[in-house]
Amino acid sequence: MRRVFAVDVLECPRCHGPMRILAAIHPPDAAAAILECFGLPARPPPVASARRVVGLFESDTDWSRD
């Protein structure tokens, strides 16, 4: 994340001191149980359909006529 967002996830945002990883949670059922314990949704939000960008490639010129 440091290369992409210029954010060091192991640096405290308040005091800029070092932070450390306490645990890595791999099984999805364990992560879901922890999130539900905190009252957070365990399932990701539904994926929205792509939106059409209006006017990006449209023009007033009719190129079909020679």
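The first residue in the sequence is number 1, and the count goes up from there.
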Atom of Ala31, atom of Ile25 and distance for their closest heavy-atom approach: N-CG2, 3.8 Å
Met19 reachable from Val9 in the ILVMFWY side-chain graph, under 4.5 Å edges: no
Contact check, side chains of Leu40 and Ile34, non-hydrogen atoms, under 4.5 Å: no
